[in-house]
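Each remark here refers to the structure printed beneath this line.
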There are 2 protein chains.
Amino acid sequence: MEALKNYTALIEQELAKDQFPQSPTELYDPLRYFLKLGGKRIRPVLTLLSSELFGSTAEEALPQALAIEVFHNFTLIHDDIMDEAPTRRKMPTVHEKWNTNIAILSGDVLLIKAYQLLAQAEADKLPEILEVFNTTSVEVCEGQQMDMNFEDRMDVSISEYVEMIRLKTSVLLGGALEIGAIVAGASKEDRKRIYDFGQYLGIAFQIQDDILDLYADPDKFGKMVGGDVVANKKTLLYLMAAGNANSEQQEILKQLQNEENIELKISRTRELFDHLGAKEKCREAMLSYQDKAMEALKGINVPEDKKAGMISLADFLLNRNW
Amino acid sequence: MEALKNYTALIEQELAKDQFPQSPTELYDPLRYFLKLGGKRIRPVLTLLSSELFGSTAEEALPQALAIEVFHNFTLIHDDIMDEAPTRRKMPTVHEKWNTNIAILSGDVLLIKAYQLLAQAEADKLPEILEVFNTTSVEVCEGQQMDMNFEDRMDVSISEYVEMIRLKTSVLLGGALEIGAIVAGASKEDRKRIYDFGQYLGIAFQIQDDILDLYADPDKFGKMVGGDVVANKKTLLYLMAAGNANSEQQEILKQLQNEENIELKISRTRELFDHLGAKEKCREAMLSYQDKAMEALKGINVPEDKKAGMISLADFLLNRNW
């Protein structure tokens, strides 16, 4: 991420400025708190990189990049309520530190704030920016709803799962990039290509995340290894394993869901997943989306050397060491 | 409202069309349900009337009018969660009929939907429309937060209370009108005047609502008479009474908050309020805001006969018979 640190710093610098009124403090303190919790700021950096890629400057797309980050944080505040998550980046979530009502309402204000930032665009580009942003935002909500629905379903298919992660996480990467491209005046064709690059990159990243949950080096992985297994989440790893399992193995998978010894649950699940080739199948799927992303990037009509920033970001995302 | 029924019908007709995809049904069914619960549709009618007032047509401002109504419904869905309201228009609220997570997420989608409707404006008018809408939306959230804060406070002043109702309910009437004016290409000065008309009308209406809570004809009033008293709400009626009360009367007011016999609680409170002249004081305040509204309308630079629709809407709102 070394090559990208100037972009991240630009975003952090803007987010560190106080963007909100003092009063009512119950509404704005949670937002000041949450926006400073940190994070990789990948989405707004994508917007800045895309603006540069298509011949404008990073600064030109700064308000739109911030809008993307602010929107992402809005979804986190509301998702944390829905998931009853006690912490986010090792700090209490908004509904935990304040309460659910404040988390709902301050989230709402943050979504409006995203539109205030977007609206700073040049007037002739605003309709297209809004169209991409609105479509993407609705899709992110649809993805979150699908994710919640999957918790109660035993018959989720692999294609449904991929569609869920596409909506919940990947379209926002695509949207972030396309908005940067609009700011820079890119062609319709290149806008579509950079969107696809982000979308496929996002799917590949999410599949990698599913693999790392069970196979990461505990010293490098930010979260508890095996967290998805403990929570009985139907990740792609699980779906690939279940898809290959015979009726006896299906039964073991079911029993493992109720195993109360956490260490045993994780190690037995990993054994079974290994036996069923789940990791390899996920890795194949991940690589195929990575290929699609790179294919889309390759098709973009700008000199190859201008694509270095995008490639190093993709590399940072898909060869995780964090 | 006879004169305005064509406008209301236009809004109802649009809302009756299915505006949402089929899937995920958990996300969109609540919105289909909620938008058909009815209501007076006053806010979108204001947008239509304003567009006509300033020389355009009602149809021209239809998407923006719908955006205002959709936004209003978004606030109702989220407010109902925060207020733990079991019913809305005698039907179950979204979080009751489905659950809180669905109410949060479908509300979020509805807010984005409002922006999708707004964005249908002519490109050269979009930045100004967004500016008014964004400012107004944030203020509505601030008003809701102030309202929640007041529940735990005993020292709310009359001016704080008026500021709360201005933000929570009145600015949206002003914003609805100003957006109609922008669609029709009104001058900056007239935009300010029509906004003020709506804002003052909204404050007057809300004060009337406070009075009616305790003094309405039960046969005509849609809600339970005395509901605010039972809920110990610090309405303007209460604040006016408390402001005039001596220490003995303050004590009685305090005791009445804990009275468990509801009929007795309402009748004793009314007696004391009457004695303290609370109703008259509220009525004076209401009339003064009504005057300000009419003053603002009078200043608008269009022929007086074109203001008939606005006047009949103000009359409908401020001489409630419903």
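Just so it is clear, the values below take in all heavy atoms, side chains as well, and ignore hydrogens, waters and symmetry mates. Letters A, B, ... mirror the listed sequences (proteins, then strands); counts begin at 1.
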Legend entry - B:Thr75, part contacting chain A, at a heavy-atom distance under 4.5 Å: neither

Inset, instruction - Decide side-chain contact (heavy atoms from CB on, under 4.5 Å) for A:Leu130 and B:Leu130; before the verdict, give the C-alpha distance in whole Å, the side-chain angles of both, and the deciding distance to 0.1 Å. - result: CA-CA 11 Å; A:Leu130 278 180; B:Leu130 279 180; 3.7 Å; yes

Inset, instruction - Mind telling me whether A:His78 and B:His78 have parallel, tilted or perpendicular rings, with 30° and 60° as the class edges? - result: perpendicular

Inset, instruction - Find the one option among B:Leu126, B:Asp108, B:Leu118 whose heavy-atom pairs under 4.5 Å with chain A are most numerous. - result: B:Asp108

Legend entry - Part of residues 133-151 of chain B lying next to chain A, heavy-atom separation under 4.5 Å: B:Asn134, B:Thr135, B:Ser137, B:Val138, B:Cys141, B:Glu142, B:Gln144, B:Gln145, B:Met146, B:Met148, B:Asn149

Inset, instruction - Answer yes or no: are there more than 12 heavy-atom neighbours, outside B:Lys125 itself, under 6.0 Å from its atom NZ? - result: yes

Legend entry - Rounded distance [0.5 Å steps], CG in B:Asn101 versus CD1 in A:Ile81: 8.5 Å

Inset, instruction - Against chain B, label A:Thr100 side chain, backbone, both or neither, depending on which of its atoms sit under 4.5 Å from a heavy atom there. - result: neither

Inset, instruction - Can you tell which part of A:Pro24 gets under 4.5 Å to a heavy atom of chain B, answering side chain, backbone, both or neither? - result: side chain

Legend entry - A:Gln120, CD: over 12 other non-hydrogen atoms inside 6.0 angstrom: yes

Legend entry - Closest-packed option against chain B by number of heavy-atom pairs under 4.5 Å, given A:Val109, A:Ile104, A:Asp124: A:Ile104

Inset, instruction - Could you go through the side-chain contact (heavy atoms from CB on, under 4.5 Å) check for A:Leu111 and B:Ile112 one step at a time? - result: CA-CA 9 Å; A:Leu111 174 54; B:Ile112 301 166; 4.1 Å; yes

Legend entry - A:Gln257 atom CD, neighbour heavy-atom count above 12 within 6.0 Å: yes

